[in-house]
Amino acid sequence: QVHLVESGGGLVQPGGSLRLSCTASGRTFSSYAMGWFRQAPGKEREFVAAISRSGSITYYAASVKGRFTISRDSAKNTVYLQMNKVKPEDTAVYFCAAGGAIVAVTKNADYWGQGTQVTVSS
């Protein structure tokens with residue numbers, strides 16, 4: 001069992017930056033590929049970014065590639081999502097996720113956080 005807690009959401013202006021954090025507790029953090037998903041009002045949840053267990057492989061949705069960066073710190077059991085040049089369409093609840101393999105995480109996950117709201121508005 002893995003417990004995930006996100007933080008760092010909030011209100012940010014278009015073109016600004018925000019960093020989300022997700023801290024994991026429970027079983028060994030390094031055993032899991034990690035990912036971020038988001039869900040905007042009235043829309044289905046969508047994949048944003050994922051990182052392998054070692055941190056050497058990352059995947060991004062086309063809509064965020066070049067603007068967002070996923071990383072992980074095994075010493076802190078934490079995965080990050082650095083969001084740069086944000087747009088109003090990035091507004092959503094962002095969820096942290098953990099899975100057994102990076103491919104699985106890009107499509108779905110075994111464990112989910114409770115979500116953190118990100119609002120991009122002037």
**cation_pi(Arg72, Phe29) dist<6.0 Å, angle<=45** = yes
**Message:** Main chain of Gly55, side chain of Ser52: is a donor-acceptor contact present, judged purely on distance under 3.5 Å?
**Reply:** yes
**Message:** Quick one, Cys96 and Trp112 - any side-chain contact, counting heavy atoms below 4.5 Å?
**Reply:** no
**Request:** Would you name the heavy atoms of Arg53 and Ser30 that are closest together and state the gap between them?
**Result:** CB-O, 3.4 Å
**Asked** Between Ser54 (side chain) and Ser56 (backbone), is there a donor-acceptor pair under 3.5 Å?
**Response** yes
**Item:** Centroid-centroid distance, Phe47 to Tyr60, less than 6.0 Å
**Value:** no
**Message:** Whether the side chain of Glu6 engages the backbone of Gln114 through a donor-acceptor N/O pair (distance < 3.5 Å, no angle test) should be reported.
**Reply:** yes
**Asked** Heavy atoms, side chains only, cut-off 4.5 Å: are Val118 and Leu18 in contact?
**Response** yes
**Prompt:** Are any of the side-chain heavy atoms of Arg38 and Val64 separated by less than 4.5 Å?
**Reply:** yes
**Polar contact flag, side-chain donor to acceptor under 3.5 angstrom, Ser21-Thr78** = no
**Within-4.5 Å side-chain heavy-atom neighbours: Gln13 and Ser121** = no
**Message:** If you define the side chain from C-beta out and look only at heavy atoms, does anything of Met83 sit under 4.5 Å from Leu20?
**Reply:** yes
**Message:** Ring of Tyr80, cation from Arg19 - is the NZ or CZ under 6.0 Å from the centre and inside 45° of the axis?
**Reply:** yes
**Request:** Test Lys87 against Arg67 for side-chain contact (heavy atoms from CB on, under 4.5 Å), laying out the working first.
**Result:** CA-CA 10 Å; Lys87 305 175 181 179; Arg67 300 188 298 120; 3.8 Å; yes
**Message:** Can you confirm whether Val79 sits close enough to Trp36 that some side-chain heavy atom of one is under 4.5 Å from a side-chain heavy atom of the other?
**Reply:** yes
**Atom pair NE2 (His3) and OH (Tyr111), whose distance is rounded to the nearest 0.5 Å** = 13.0 Å
**Request:** Working to the nearest 0.5 Å, report the span between CG of Asp90 and OG of Ser63.
**Result:** 7.0 Å
**Prompt:** Rounded to the nearest 0.5 Å, how far apart are CD of Gln82 and OG of Ser71?
**Reply:** 8.0 Å
**Request:** Check whether any side-chain heavy atom of Gln39 sits under 4.5 Å from a side-chain heavy atom of Glu46, and report yes or no.
**Result:** no
**Message:** Could you check whether any side-chain heavy atom of Asn108 comes within less than 4.5 Å of a side-chain heavy atom of Arg45, counting everything from C-beta outward?
**Reply:** yes
**Distance in Å, Ile102 CD1 paired with Ile51 CD1, rounded so as to fall on 0.5 Å steps** = 7.5 Å
**Request:** Fit a plane to each ring of Phe68 and Tyr94, take the angle between them on a 0 to 90° scale, and name the class: parallel (under 30°), tilted (30 to 60°) or perpendicular (over 60°).
**Result:** tilted
**Message:** Under the criterion side chain to side chain donor-acceptor pair (under 3.5 Å), I'd like the reasoning laid out for Asn77 against Thr23: C-alpha separation, chi angles, the key distance, then a yes or no.
**Reply:** CA-CA 6 Å; Asn77 282 6; Thr23 300; over 6 Å; no
**Item:** Flag, side chain of Thr116 to backbone of Gly9, donor-acceptor distance under 3.5 Å
**Value:** yes
**Closest contact, heavy atoms only, Ala97 versus Ala109** = CB-CB, 3.5 Å
**Request:** Might you work through the side-chain contact (heavy atoms from CB on, under 4.5 Å) test for Thr69 and Leu81, ending with a clear yes or no?
**Result:** CA-CA 6 Å; Thr69 301; Leu81 185 68; over 6 Å; no
